[in-house]
Amino acid sequence: INDARAELHFPPRTGFVVDQAELLDASSRAMLTQKLMTLEAKTTNELIVVTVPSLQGASIEDFGYRLANYWRIGQPEKYNGVLLLVAPNEHKVRIEVGSGLERTLTNATASNIIEGSILPQFRVNDFPDGIARGIDAIIGVLSEAATPQKQQQAQRAPMSLAHPMKLKRFWAYEWAKFESGNPFFT
């Protein structure tokens with residue numbers, strides 16, 4: 001067993017928005033919380049935002065996967081949770097998606113959300129707007145999938161039982177600081 005894995009300390013889950021890195025003001029947290037509560041009420045899907053000051057030496061993939069499982073995001077047997085994880089000091093962002101939503105919020109869709117909605121704002125240090133835009137995009141995908149027509153289509157699609165894990169790993173990205181006026185990551 002890797003000692004670094006055993007020593008991870010997760011923040012307490014205090015709501016739909018857990019801002020340990022202090023990137024959001026009170027009004028931003030309240031606005032996001034309202035959106036996330038509304039999503040859950042309409043779809044039963046649970047979307048959680050967490051910012052952390054440190055990944056504690058773990059990869060963002062490992063930290064996000066383990067945190068989502070530790071918090072038990074989503075409903076039992078539905079595995080319909082989504083975690084948006086932001087680690088600003090390591091310049092990393094990740095979307096973890098429960099296996100019950102992997103056909104709805106695909107790798108390609110998650111990549112597009114991160115690249116098109118979140119990272120442009122993060123690159124100019126506008127974390128609240130990047131998080132809000134990412135959440136809006138995720139909610140849009142999950143809400144569209146909750147329409148009756150989309151639900152019927154999903155029920156007819158074959159289920160994949162190939163992967164035993166409850167969470168499907170999605171895209172992790174690193175964005176860069178601007179050093180000497182040149183972006184490291186474009």
Side-chain angles (χ1 to χ4, degrees), residues 8-40 45-71 73-74 81-98 101 105-143 167-186:
L8 287 181
H9 300 283
F10 298 121
R13 183 173 171 185
T14 54
F16 286 93
V17 179
V18 179
D19 184 25
Q20 293 286 300
E22 300 179 354
L23 299 177
L24 304 167
D25 61 25
S27 64
S28 295
R29 285 190 305 273
M31 182 263 312
L32 289 170
T33 297
Q34 185 59 49
K35 287 180 179 187
L36 301 175
M37 289 173 59
T38 300
L39 173 71
E40 185 179 39
N45 298 325
E46 188 174 30
L47 174 53
I48 304 293
V49 175
V50 63
T51 71
V52 294
S54 171
L55 296 170
Q56 304 168 39
S59 68
I60 194 165
E61 296 84 0
D62 189 45
F63 192 94
Y65 179 77
R66 291 178 61 205
L67 177 61
N69 279 304
Y70 179 78
W71 279 356
I73 296 173
V82 178
L83 175 71
L84 174 60
L85 172 61
V86 179
N89 293 328
E90 284 99 341
H91 294 95
K92 301 210 183 242
V93 59
R94 182 169 180 82
I95 297 173
E96 288 284 349
V97 177
L101 294 173
L105 189 54
T106 65
N107 284 347
T109 301
S111 175
N112 288 337
I113 290 170
I114 291 172
E115 290 179 0
S117 299
I118 299 172
L119 286 183
Q121 301 312 115
F122 282 12
R123 288 185 184 121
V124 295
N125 292 317
D126 191 350
F127 296 102
D129 194 41
I131 291 169
R133 288 177 186 225
I135 290 304
D136 288 345
I138 294 168
I139 288 172
V141 170
L142 297 178
S143 295
L167 286 174
K168 181 175 178 148
R169 294 179 182 250
F170 270 162
W171 297 99
Y173 283 88
E174 183 169 344
W175 72 94
K177 297 178 191 177
F178 286 82
E179 296 179 16
S180 305
N182 295 320
F184 176 78
F185 185 98
T186 58

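Residue indices begin at 1 and follow the sequence shown.
For D136, the salt bridge (Lys or Arg N to Asp or Glu O under 4.0 Å) partners two or more places apart in sequence, or in a different chain, are K35. Applying the side-chain contact (heavy atoms from CB on, under 4.5 Å) rule to Y70 yields the partners F10; only residues at least two apart in sequence or on another chain are considered. Applying the side-chain hydrogen bond (donor to acceptor under 3.5 Å, both in side chains) criterion to R133, with sequence neighbours excluded, gives D129. Partners of T33 under the side-chain hydrogen bond (donor to acceptor under 3.5 Å, both in side chains) rule, at least two apart in sequence or in another chain, do not exist in this structure. For S27, the side-chain contact (heavy atoms from CB on, under 4.5 Å) partners two or more places apart in sequence, or in a different chain, are D25. In this structure, the side-chain contact (heavy atoms from CB on, under 4.5 Å) partners of T51, at least two apart in sequence or on a different chain, are D19, A21, L23, V86, I131. A search for side-chain hydrogen bond (donor to acceptor under 3.5 Å, both in side chains) contacts involving Q34 returns T38, not counting sequence neighbours. Partners of E40 by side-chain contact (heavy atoms from CB on, under 4.5 Å), not counting sequence neighbours, listed by chain and number: F16, E46.
No side-chain heavy atom of L85 sits under 4.5 Å from any side-chain heavy atom of V93. The shortest side-chain heavy-atom distance between I118 and I113 falls under the 4.5 Å cut-off. Taking the side chain as every heavy atom from C-beta outward, F127 and L24 never approach each other to under 4.5 Å. Residues V50 and V17 fail the side-chain proximity criterion, which asks for heavy atoms closer than 4.5 Å. Between I135 and V49 the shortest side-chain heavy-atom distance falls below 4.5 Å. Side-chain contact between W71 and P11 is present, with at least one heavy-atom pair separated by less than 4.5 Å. Residues L67 and L83 have side chains in contact (heavy-atom distance under 4.5 Å, counting atoms from C-beta outward). Contact check for N45 versus V82: no side-chain heavy atoms found under the 4.5 Å cut-off.
For the atom pair CD of E22 and CZ of R29, the computed distance is 8.5 Å after rounding to the nearest 0.5 Å. For the atom pair CD of E96 and CD1 of I60, the computed distance is 8.5 Å after rounding to the nearest 0.5 Å. Here L36 contributes atom CG and L47 contributes atom CG; the two are 5.0 Å apart, rounded to the nearest 0.5 Å. Interatomic distance, OG of S59 versus CZ of R94, reported as 7.5 Å (0.5 Å rounding). Atoms CD1 and CG, on I139 and L32 in that order, are 8.0 Å from each other to the nearest 0.5 Å. Here the straight-line distance linking atom CD1 of I114 with atom CG of L84 works out to 7.5 Å at 0.5 Å rounding.
A donor-acceptor pair under 3.5 Å is formed between the side chain of Q56 and the backbone N or O of H9. Judged by distance alone, with hydrogens and angles left aside, the side-chain atoms of N89 form a donor-acceptor pair with the main-chain N or O of P53 at under 3.5 Å. N69 places a side-chain N or O within 3.5 Å of a backbone atom of Y65 that can act as its donor or acceptor partner. For T109 (side chain) and L105 (main-chain N/O), no donor-acceptor pair under 3.5 Å exists by modelled atom type.
Residues A58 and L8 come closest through the heavy atom pair CB-CD2, 3.9 Å. Scanning both residues, A137 and S117, for their nearest heavy atoms gives CB-OG, 4.0 Å.
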